[in-house]
Structure formats: C-alpha cells, structure tokens
Amino acid sequence: MDEQQEIRQEENDKKTTMADYEDYEKSFISIKRGSYLTGKVVKLDETGVYVDIGYKQEGFIPINQLTHKRILHPDEILKLGEEIPVVVLKVENDLEGELILSKKRADLETAWRNITKAHEEGSIVTATVVESVKGGLLVDMGLRGFIPASQVDVRPVKDLSDFVGEALRLRVIELDKARRKVVLSRKKVLEDERVRMKEDTLGSLYEGQIISGKVARITNFGAFVNLGGVDGLVHISELAWKRIKHPSEVVKVNQEVDVMILKVDKKRERISLSLRQAMPDPWSLIEEEMKPGDIIKGTVTKIAKKYVFVEIKDGVEGVIPFHELSDGKLVKPNELVSENQEISVRVLEIKVDARRILLSLRQVDGRSEVEPEEKARYSTSQPSGATIGDILKAKLKENQDKSI
C-alpha cells in the first residue's frame, strides 16, 4: 500500500471511529439536573448506593439521600438488583465527573404525583399516622399530610393519640404543592362507605328476617340497632316478653343482638325491629313445665287494689285475684306481699292462647292440696259454662256483700 492509500485509510478509520463514538454517545440517555429516572441498584456500602441508570457511568446516592428515615446501612431498605426511582442532583459531562442521585427526592416526587392524581380522581389513599398534634393528626405517605380533628371520624374523637401507628384510608380534600400542604379526611371515606352500606342493607332486608346487629343507642322509648350502615328501632314493647320500665334493663350500647325485621320503609329509611320475637316465646313451653295444682315459686312484679302480678319465669306472669290472697279476713294486697318479693303460689288455671295463668297464694299456706270443692269452684269446665272472668266477678261481688 502506497503512502497515499495509507493516508486515505487512516482518514477513513478516523471517520469510522468518530461515527462509532457518536453512536456510542447516543446510546446513553440524556440527563440533566432534576431529571426523574429509574435505575437498578448495583452496589451497596456504608456510604451509600451505586445505581445504573443507563448513563456513561453509575450514579451514586449518598446514604442521607436514600430516605427521610434514619438508617445505619442502605441494606435496611434496599437490595442488589432492585429498581428504584431517582432524581439527578449533580451531573458532570466528563467521564471522571460525579453523578449524584437522590432516592429521597424521587420518593417525594412520586408521592406528589400519586397524591395529585388521587386528588384529581377523588380516589382513596392510605397513610400511616405518625403523630397526634394540636387540632389533628400527621400522616406519612411519602410526604407529610394533615388530618383535621373534625375529619378523623364521623363522631367527635376524645383521644386522637389512639390513632398513632394506624394505617388509615383517606380522601384528599386540599392540595397545595407550592406550600407543601396536603389536607386529608377519613370522615368522608367513612361517610361514603356508610351510604353504600345503607343502600346494600336496605336492599337485602325483608319482613320476618332475623338478622344480627349492634345496639347503637338507647332512649326511653326503645333501642336503635345498627344493621350495617342503617339503624332500626326496637320499640320498648318489642324488647322483651316481660314488662320492663326502661330499655337499659334488657340491652346496653355496643351489645350484639339478633332481631326480627317487622317492617321496612325504604323510602323513609325506617326499619321496625323486634328483639323478643327473635327469641323463643316463653309461653310456648309453659304447659310442659307446669300444670294446675302445682306449687311453684315466683316474684311479685306489681300490686294493684284487687290483684297481684307474679313473674313465674322470664317473660311469663300470672295473676293472683284478691280472694286468692288469704283465707282470713279481708286485707289489702300490699299488707300480705311486696314488690320483688319471692313467694310460693299454686297454679289454678293455664290459658296459653290468652297468655293468662291464674294463681293462688292462700291455697299454698296451710294446705298442700286443692280441696275438691275449691277445685270445682274455679274450674272452667263447669256445666254452667261460666268463664274464669265470670267466676272472679261473682267472687268479688260476694266479698263486697260480706264487707257491707
């Protein structure tokens, strides 16, 4: 090869080398300060992390740029081969120059992007409560957010510190990136969920259904039971088979109960419930548990002028007529018994259909058996066809005549 050819070959080689270098340069990404990129962890040591971002050289993340949390070594939060977001803090174009990155800045940018999207779409975000402060809660979701006390729950919260450490589902209600301000609400999430639950619950209820619920509040006229997003009312008359003076005698707030659906008004969102009808009727087995002539124990529940009510089992009351209180002279009922007193009585008659039991106190004292003539006097199977009511009226008139 002559000299001229060598010169031409050398020039061609230079052109090829330059073209190859230009292609090589083009194969790398173009970066500048502030660029948001993704890289792969290639090395970890106590000073920081080396990351391959597809550039001429590996970038370095100092340990103080890894996270806003305190760590002693990068391997506490990262591992080799893991892909992570980074932001370029410093870049120099020569091969010996530094390429400094920050994962902490990238995480913050990622958090802002996610929170902005959630705000625009009205979607729910999850954040952990890190501190209870005056007026609300501080949460961590890659950036700091604030939940005003009024937005923590649907009801006022007495002690906000109870929420520290909990992961809460929240909705963004105010966002200002320039001021780094994020205001969130848990209350709105709960309210939306309650509306959906109410619609689902109302759509599934039907009369006669027995369903579980939780006592939400108690009033003088009954108890409200939460069935899942909607409350139903158990009137005081439907709380128990026995007579009660106040609902608190039967139920307490937050108690789990089974109730029967009596009526559902979906338009007005009103539900009538029964606690007693969800339980066995105590009268249904009464004839198997006792019979006329038996002597049983009971508790005096009410004393009137001419009769005494006695509870002989939970939900079942019997009545002692005036003339069945004593064999002796006429006395007032409250001279013989007192309310809440436990006494022994004899069963004279049982009428389940009428939910009535006739009792006697005098036929227990001094006599263990009902005399034939007494049994005949109060039996409803007399040929005369007289009812127990007729007999009681006649007996009452007889006593009144004697007292004149």
For residues 202-213, please give each side-chain donor-acceptor pair under 3.5 Å, one per line with the distance, not counting sequence neighbours.
{"from": "S204", "atom 1": "OG", "to": "D200", "atom 2": "O", "distance (Å)": "3.4"}
{"from": "S204", "atom 1": "OG", "to": "T201", "atom 2": "O", "distance (Å)": "2.9"}
{"from": "Q209", "atom 1": "OE1", "to": "Y206", "atom 2": "N", "distance (Å)": "3.1"}
{"from": "S212", "atom 1": "OG", "to": "D258", "atom 2": "OD1", "distance (Å)": "2.7"}

Margin query: Under the rule for ring pair (Phe, Tyr, Trp, His ring centres under 6.0 Å), what residues qualify as partners of Y307, not counting sequence neighbours?
Written below: F309
List the atom pairs, with distances to 0.1 Å, where a side-chain N or O of residues 142-155 and a protein N or O form a donor-acceptor pair under 3.5 Å, not counting sequence neighbours.
{"from": "Q151", "atom 1": "OE1", "to": "S185", "atom 2": "OG", "distance (Å)": "2.5"}

Notebook entry, point to check: Side-chain contact, heavy-atom cut-off 4.5 Å: E131 with L160?
Noted result: no
Next item on the list: Considering non-hydrogen atoms only, spot the tightest contact between R186 and F163 and give its length.
Entry: NH1-CE2, 3.7 Å
Check: Excluding sequence neighbours, so at least two apart, what forms salt bridge (Lys or Arg N to Asp or Glu O under 4.0 Å) with K313?
Finding: E289
Margin query: Show every side chain to side chain donor-acceptor pair (under 3.5 Å) that has at least one partner inside residues 113-127, sequence neighbours left out.
Written below: E109-R113
Note to self: Can you confirm whether V42 sits close enough to V51 that some side-chain heavy atom of one is under 4.5 Å from a side-chain heavy atom of the other?
What the structure shows: no
Next item on the list: Using atom types as modelled and distance alone, determine if a side-chain donor or acceptor of E82 lies under 3.5 Å from a backbone N or O of K79.
Entry: yes
Item checked: With sequence neighbours excluded, residues passing salt bridge (Lys or Arg N to Asp or Glu O under 4.0 Å) with K305 -> none
Notebook entry, point to check: Under 4.5 Å between any side-chain heavy atoms of P321 and L358, yes or no?
Noted result: yes
Check: Quick one: are L348 and E324 in side-chain contact, heavy atoms under 4.5 Å?
Finding: yes
Checklist line | W241 to P280 - nearest heavy-atom pair and separation | finding: NE1-O, 3.3 Å
Checklist line | Residue pair V129, L138: steps toward the side-chain contact (heavy atoms from CB on, under 4.5 Å) verdict | finding: CA-CA 6 Å; V129 179; L138 292 180; over 6 Å; no
Next item on the list: Give a yes or no on whether the backbone of Q363 and the side-chain of R346 come within a donor-acceptor separation of less than 3.5 Å.
Entry: yes
Next item on the list: Grab the two heavy atoms, one from V49 and one from P74, that are nearest each other, plus how far apart they are.
Entry: CG2-CB, 3.5 Å
Contacts under 3.5 angstrom, residues 243-253 side chains, donor-acceptor by atom type, not counting sequence neighbours:
{"from": "R243", "atom 1": "NE", "to": "E317", "atom 2": "OE1", "distance (Å)": "3.2"}
{"from": "R243", "atom 1": "NH2", "to": "E317", "atom 2": "OE1", "distance (Å)": "3.0"}
{"from": "R243", "atom 1": "NH2", "to": "E317", "atom 2": "OE2", "distance (Å)": "3.3"}
{"from": "H246", "atom 1": "ND1", "to": "S248", "atom 2": "N", "distance (Å)": "3.1"}
{"from": "H246", "atom 1": "ND1", "to": "S248", "atom 2": "OG", "distance (Å)": "2.8"}
{"from": "H246", "atom 1": "NE2", "to": "N220", "atom 2": "OD1", "distance (Å)": "3.1"}
{"from": "E249", "atom 1": "OE2", "to": "K245", "atom 2": "N", "distance (Å)": "2.9"}
{"from": "E249", "atom 1": "OE2", "to": "H246", "atom 2": "N", "distance (Å)": "3.0"}

Checklist line | Pairing residues for R194 by the salt bridge (Lys or Arg N to Asp or Glu O under 4.0 Å) criterion, not counting sequence neighbours | finding: none
Next item on the list: Would you sort out whether V164 and D162 count as a side-chain contact (heavy atoms from CB on, under 4.5 Å), showing the intermediate values?
Entry: CA-CA 6 Å; V164 175; D162 291 341; over 6 Å; no
Item checked: Set of residues satisfying side chain to side chain donor-acceptor pair (under 3.5 Å) with respect to K43, sequence neighbours excluded -> none
Check: Does a side-chain heavy-atom distance below 4.5 Å link I61 with I100?
Finding: no
Margin query: Taking I350's backbone N and O only, do any of them form a donor-acceptor pair with R356's side chain (distance below 3.5 Å, no angle check)?
Written below: no
Next item on the list: Check whether any side-chain N or O of D192 sits under 3.5 Å from a backbone N or O of V189 as a donor-acceptor pair, and report yes or no.
Entry: no
Note to self: As a test of understanding, state which of T299, L336, I320 forms a side-chain contact (heavy atoms from CB on, under 4.5 Å) with I343.
What the structure shows: I320
Margin query: Using side-chain heavy atoms (C-beta onward) and a distance below 4.5 Å, is V86 in contact with T38?
Written below: no
Check: Under 4.5 Å between any side-chain heavy atoms of F224 and I218, yes or no?
Finding: no
Notebook entry, point to check: What pairs meet the side chain to side chain donor-acceptor pair (under 3.5 Å) rule with one or both residues in residues 260-270, with sequence neighbours excluded?
Noted result: K198-E269
Margin query: Between the side chains of D107 and K104, is the shortest nitrogen-to-carboxylate-oxygen separation below 4.0 Å, so that they form an ion pair?
Written below: no
Notebook entry, point to check: Run the side-chain contact (heavy atoms from CB on, under 4.5 Å) check on L99 and F60 step by step: do they pass?
Noted result: CA-CA 6 Å; L99 177 59; F60 179 69; over 6 Å; no
Notebook entry, point to check: Atom CD in Q57, atom OH in Y50: separation rounded to 0.5 Å?
Noted result: 11.0 Å
Next item on the list: Apply the test side-chain contact (heavy atoms from CB on, under 4.5 Å) to residues V347 and I357: give CA-CA distance (whole Å), side-chain angles for both, the deciding distance (0.1 Å), then the verdict.
Entry: CA-CA 7 Å; V347 179; I357 296 180; 4.3 Å; yes
Check: Can you find a pair of side-chain heavy atoms, one from V300 and one from S338, that are under 4.5 Å apart?
Finding: no
Checklist line | Pairing residues for D52 by the salt bridge (Lys or Arg N to Asp or Glu O under 4.0 Å) criterion, not counting sequence neighbours | finding: none
Note to self: Working to the nearest 0.5 angstrom, can you tell me the gap between S35 OG and I53 CD1?
What the structure shows: 8.0 Å
Margin query: So, taking the atom named CG in L325 and the one named NZ in K332, what distance separates them when rounded to the nearest 0.5 Å?
Written below: 14.0 Å
Next item on the list: Enumerate the residue pairs fulfilling side chain to side chain donor-acceptor pair (under 3.5 Å) with a member in residues 225-240, sequence neighbours excluded, ordered by first and then second residue.
Entry: R217-D231, N226-D231, H235-S237, E238-S274, E238-R276, E238-Q277
Checklist line | Residue pair P62 / L101: nearest heavy atoms and the distance that separates them | finding: CD-O, 3.6 Å
Check: Rounded to the nearest 0.5 Å, how far apart are CG of L108 and OG1 of T67?
Finding: 11.0 Å
Check: Which atoms form the tightest heavy-atom contact between W283 and R355, and what is the distance?
Finding: CD1-NH2, 2.9 Å
Item checked: Minimum heavy-atom distance between S132 and S161, given as atom pair plus value -> OG-N, 3.8 Å
Note to self: Let me confirm one number: the CG-NE2 distance from L78 to H73, rounded to the nearest 0.5 Å.
What the structure shows: 11.0 Å
Notebook entry, point to check: Can you tell me how far the CE atom of M141 sits from the OG1 atom of T110, to the nearest 0.5 Å?
Noted result: 14.0 Å
